[in-house]
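In what follows, chains are A, B, ... by sequence order, proteins preceding strands, each numbered from 1. Every heavy atom of this structure was used, including side-chain atoms; hydrogens, water molecules and symmetry mates were not.
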Number of protein chains: 2
Amino acid sequence: MSSNCAPSATRYRRRSHHAIMGATLELVSEVGYSKLTVEAIAARAGVGKQTVYRWWPSKAAVLRDAVLHLCQDASGAVRDIPDTGDLAADLKAVLRATADTMSHPRYDLPARALAAAGIADAALGAQLVSGILEPQLRLYVRRLGAAQRSGQVEAGIDLRVALELLTGPLAFRWLMGDAPLTHAYTDTLVDLVLRGLAPRPS
Amino acid sequence: MSSNCAPSATRYRRRSHHAIMGATLELVSEVGYSKLTVEAIAARAGVGKQTVYRWWPSKAAVLRDAVLHLCQDASGAVRDIPDTGDLAADLKAVLRATADTMSHPRYDLPARALAAAGIADAALGAQLVSGILEPQLRLYVRRLGAAQRSGQVEAGIDLRVALELLTGPLAFRWLMGDAPLTHAYTDTLVDLVLRGLAPRPS
């Protein structure tokens with residue numbers, strides 16, 4: 001009996017979880033973060049409100065996990081930065097993929113709502129930084145560190161500041177929506193930043 | 001009679017305007033943007049709700065003008081970028097002043113609330129970009145353009161992308177609150193960016 005029951009309960013949990021994530025992303029795109037409620041998420045997902053609250057303490061926590069799942073699903077998400085030995089090519093590939101993900105409506109609206117909520121609310125902001133942003137930034141530090149060791153980046157350059165030259169402009173352009181996130185833009189960004197990071201002829 | 005009446009009416013309008021701006025900044029810092037209302041602004045400013053609506057169509061418009069006034073008041077606001085001929089010194093002075101302003105609680109909370117609202121709402125975001133962001137970015141284009149003409153910046157470099165290497169990291173660090181906006185940071189940022197912009201020895 002339990003061998004029949006347990007997988008079904010697991011399946012139910014998995015289906016509910018998946019439905020809640022999807023409902024959250026749809027709703028925040030439709031009504032915005034300030035009008036998002038746990039009640040509406042539960043109704044759209046076809047589960048009870050208590051099912052949502054069993055897993056998440058607040059709408060902020062549901063949205064954070066929904067965007068996190070979305071990032072992990074996105075084909076263009078930065079799970080790792082390749083190291084082919086060609087730093088410019090590797091960074092261009094990653095920044096193009098990141099720009100494509102950020103520009104995609106499925107990601108853009110929920111991630112924008114979450115970012116806005118985190119900017120206005122310091123506690124949520126700190127969670128987003130430690131849970132989403134910092135793990136991504138560490139990938140850049142690792143890749144730039146490898147390039148520094150192989151002599152493609154000047155020794156002594158502060159890699160934390162260096163990586164922000166890549167991620168800061170892209171992220172700020174995305175948040176402001178003041179100019180398009182084209183591949184031509186991200187390629188120019190990489191070329192200009194690497195001019196500054198390259199070792200000087202001695 | 002009109003010579004007595006007009007200045008008094010003008011004084012009243014000026015006082016009301018000033019009180020509304022101050023009340024808006026205080027309230028958004030206290031309760032956040034989503035709980036900010038025109039009613040509460042009017043009550044705090046000691047004016048009728050209709051006085052607020054006579055000048056502004058929405059709470060977003062009041063907050064935008066309040067932050068704009070604050071920027072213009074702030075001693076560290078970028079009204080112009082000096083041109084002493086020393087590009088690094090001029091940019092360091094401006095970025096230090098900008099970081100100081102952004103870090104100041106009087107500016108930080110209202111400007112953060114406004115930025116968050118603009119990120120979540122495309123129409124408001126477009127107003128902030130054209131009314132606040134773009135005029136600032138044009139100052140950088142002008143200063144970098146002068147440096148390009150005097151041979152301190154490589155010819156052919158896209159100045160719009162170049163300026164984002166300065167403003168993007170600083171703004172994104174401010175919005176994320178993931179690392180402090182120190183003068184050491186902004187100086188390092190300027191040095192690293194100018195390494196990339198400097199003409200290559202031919």
message: Need one label for A/Ala162: side chain, backbone, both or neither, based on atoms under 4.5 Å from any heavy atom in chain B.
response: both
task: Tell me, for B/Leu137 versus chain A, whether the close heavy atoms (under 4.5 Å) come from the side chain, the backbone, both or neither.
output: side chain
message: Is A/Leu133 close to chain B through its backbone or its side chain, or both, or neither, when contacts mean heavy atoms under 4.5 Å?
response: side chain
message: Which atoms of A/Leu109 are under 4.5 Å from chain B, going by heavy atoms: the side chain, the backbone, both sets, or neither?
response: neither
field: Which atom of A/Leu175 lies closest to which atom of B/Ile119, heavy atoms considered
entry: O-CG1, 3.7 Å
message: Need one label for A/Val129: side chain, backbone, both or neither, based on atoms under 4.5 Å from any heavy atom in chain B.
response: side chain
- prompt: Side chain, backbone, both or neither: which part of A/Leu170 has a heavy atom under 4.5 Å from chain B?
  reply: neither
message: Using a 4.5 angstrom heavy-atom cutoff, name the option from B/Ala179, B/Ala171, B/Ala113 with the most pairs to chain A.
response: B/Ala171
- prompt: Which one, A/Gly168, A/Gly118, A/Gly125, A/Ala198, leads in non-hydrogen pairs under 4.5 Å with chain B?
  reply: A/Gly168
Chain A to chain B donor-acceptor contacts, backbone plus side chain, under 3.5 Å:
from	atom 1	to	atom 2	distance (Å)
A/Arg160	NH2	B/Asp178	OD2	2.7
A/Glu164	OE1	B/Arg173	NE	3.1
A/Glu164	OE1	B/Tyr185	OH	2.6
A/Glu164	OE2	B/Arg173	NE	3.0
A/Glu164	OE2	B/Arg173	NH2	2.9
A/Arg173	NE	B/Glu164	OE1	3.1
A/Arg173	NE	B/Glu164	OE2	3.0
A/Arg173	NH2	B/Glu164	OE2	2.9
A/Asp178	OD2	B/Arg160	NH2	2.8
A/Tyr185	OH	B/Glu164	OE1	2.5
A/Arg195	O	B/Arg200	NH2	3.2
A/Arg195	NE	B/Gly196	O	2.5
A/Arg195	NH2	B/Gly196	O	3.3
A/Arg195	NH2	B/Ala198	O	2.6
A/Gly196	O	B/Arg195	NE	2.5
A/Gly196	O	B/Arg195	NH2	3.4
A/Ala198	O	B/Arg195	NH2	2.6
A/Arg200	NH2	B/Arg195	O	3.2

